[in-house]
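Notes follow once the structure below has been shown.
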Amino acid sequence: MGPTTPICETAYAKINLALHVRRRREDGYHELETLFAFVDAGDGLSAVAAPRDELIQLGEFGAQLDDPAGNIVMQALAALPRPQPWAVTLEKNLPVAAGLGGGSADAGALFRLVERECGLPDDWHERAAALGADVPACVRSQACLGRGTGTELEPVENDLAGTPVLLVNPRLPLATGPVFKAWDGLDRGAMPSGSAGEIARTGRNDLEAPAIALCPQIADVLAALRQTGAWLVRMSGSGATCFALYDDPARRDAARASLPAQWWQLAGALR
């Protein structure tokens, strides 16, 4: 049987504390080294047993999504065996095409709901990777290292759990494909080793420059965040969202209050 009363899960926002692009692969993808981290807030999912699988999209950014039938949540539903169909409600709080793995986070939350109710198949990692490169990391939503296209996951010492974080997006969508295409192809070296904090401090995001070339407002967001007392400011993923890490919540909240009101913002803590 499926859940007779709604079960709920948060789709935690993903950020790349570091993202090193090493080379273009023959299959068209890029060889990556990245440090995934997750914020303790994001989209909301709820599910209940229904006559057929369906998706209802709500929230600030729900109207920006494509037809529900093609949404990655529906693809995840189709990929996971369950005794009964589900009706899923998605509250889309994260901006779309924002470097936060929003769709992947939604799919990851769906995997966790299925796991809670009836367990995941042994090959869940392969099923997740078939939906998108960020989905396997988003299923667990814990800090980890990603290699290959991002699907080869390794544990990392997470000394950043609880760190106050501020996410800021200039409310401009930026598709991943064009940013990777604009990357200059230079291998700037491997991601450093160490704890999450050590990697974050000494790593970089190789997509920051090509993203700024396509969306100059990212540079404005980064410049503003660098004036707020954060100990790390960087763009996440392929943009356009940027993040800032702080020593205490009060400094993060003061930073949030100082930024332009028209920018999308999310204050939270790293998981």
Side-chain angles (χ1 to χ4, degrees), residues 11-22 24 28-39 41-43 57 59-67 70-72 90 92-108 131-135 137-138 146 149-150 165-186 188 203-226 230 232-245 259-266 268:
Y12 301 107
K14 175 237 43 166
I15 59 176
N16 302 86
L17 293 177
L19 178 56
H20 293 217
V21 186
R22 305 303 305 277
R24 287 190 176 92
Y29 291 95
H30 291 73
E31 195 75 20
L32 306 176
E33 297 170 350
T34 189
L35 172 57
F36 290 113
F38 294 86
V39 181
D43 294 337
Q57 298 171 162
E60 180 179 358
F61 299 99
Q64 295 183 15
L65 298 174
D66 295 329
D67 176 64
N71 187 282
I72 192 172
L90 168 61
K92 194 67 186 167
N93 304 316
L94 299 175
V96 178
L100 296 174
S104 298
D106 297 339
L131 297 173
D134 286 348
V135 177
C138 289
T149 60
V165 59
L166 179 62
L167 306 181
V168 182
N169 184 286
R171 293 189 180 271
L172 294 169
L174 186 58
T176 298
V179 177
F180 272 102
K181 189 174 181 180
W183 174 62
D184 60 13
L186 295 178
R188 292 172 170 82
R204 59 181 191 271
N205 184 344
D206 287 333
L207 296 181
E208 205 166 279
I212 289 172
L214 294 169
C215 180
Q217 292 87 343
I218 295 171
D220 298 334
V221 174
L222 291 170
L225 286 173
R226 289 181 180 125
L232 180 65
V233 172
R234 191 167 288 154
M235 189 186 80
S236 176
S238 57
T241 303
C242 303
F243 65 87
L245 302 183
L259 295 174
Q262 66 267 27
W263 289 349
W264 176 86
Q265 300 174 40
L266 174 66

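Throughout, numbering of the chain's residues begins at 1 and tracks the sequence. These numbers come from the heavy atoms of this one structure, side chains and all, not from hydrogens, waters or symmetry mates.
Contact between Ala182 and Leu214 at its shortest, heavy atoms only, is CB-CD1, 4.4 Å. Nearest approach of Ala18 to Thr34, heavy atoms of both residues: O-OG1, 2.8 Å. Across all non-hydrogen atoms, the minimal contact from Asn93 to Gly42 is ND2-O, 3.0 Å. Nearest heavy atom pair, residue Ala240 against residue Asn169, reads C-ND2, 3.6 Å. Taking all atoms of both residues into account, the shortest heavy-atom contact from Ala11 to Ala105 is CB-O, 3.4 Å. Heavy-atom minimum distance, Ala244 versus Val233: CB-CG2, 4.0 Å.
Taking the six-membered ring for Trp and thresholds of 30 and 60 degrees, His30 and Phe180 have ring planes inclined between 30 and 60 degrees apart.
With Leu94 as the partner, the side chain to side chain contact (heavy atoms under 4.5 Å, CB included) test is satisfied by one option alone out of Phe61, Tyr12, Trp264: Trp264.
A distance of 12.0 Å separates CD in Gln217 from CG in Leu222, rounded to the nearest 0.5 Å. Of the inter-residue distances, the one linking Asp106 atom CG with Gln57 atom CD reads 9.0 Å to the nearest 0.5 angstrom. Within the model, atoms CG of Leu19 and CG of Leu35 stand 10.0 Å from one another, a figure rounded to the nearest 0.5 Å. The CD1 atom of Ile72 sits 9.0 Å away from atom CG of Asp134, with the distance rounded to the nearest 0.5 Å. Interatomic distance, SG of Cys242 versus CG of Leu167, reported as 9.5 Å (0.5 Å rounding).
Here the side chains of Ile218 and Leu172 are not in contact, with every heavy-atom distance at 4.5 Å or above. Considering only heavy atoms from C-beta on, Leu100 stays 4.5 Å or farther from Leu266 through its side chain. Between Leu225 and Phe243, the closest side-chain pair of non-hydrogen atoms is not below 4.5 Å.
Panel note: side chain Asn16, backbone Phe36; no donor-acceptor pair is recorded below 3.5 Å. Of the possible donor and acceptor atoms, none in the side chain of Thr241 sits under 3.5 Å from a partner among the backbone N and O of Val168. In terms of modelled atom types and a separation under 3.5 Å, the side chain of Arg22 and the main chain of Glu33 share no donor-acceptor contact. Within the 3.5 Å criterion, the main-chain N or O of Lys92 finds no donor-acceptor partner in the side chain of Asp43.
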- Task: Apply side chain to side chain contact (heavy atoms under 4.5 Å, CB included) to the pair Leu174 and Ser238, showing each step before the final yes or no.
- Result: CA-CA 8 Å; Leu174 186 58; Ser238 57; 5.8 Å; no
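Using a 4.0 Å cut-off between charged nitrogen and carboxylate oxygen, Glu208 and Arg234 do not count as a salt-bridge pair.
In this view, Asn205 satisfies the side-chain hydrogen bond (donor to acceptor under 3.5 Å, both in side chains) rule with no residue, not counting sequence neighbours. Contacts of Asp206 classified as side-chain hydrogen bond (donor to acceptor under 3.5 Å, both in side chains), with partners at least two apart in sequence or in another chain: Arg204. Residues meeting the side-chain hydrogen bond (donor to acceptor under 3.5 Å, both in side chains) test with Glu31, sequence neighbours left out: Arg25.
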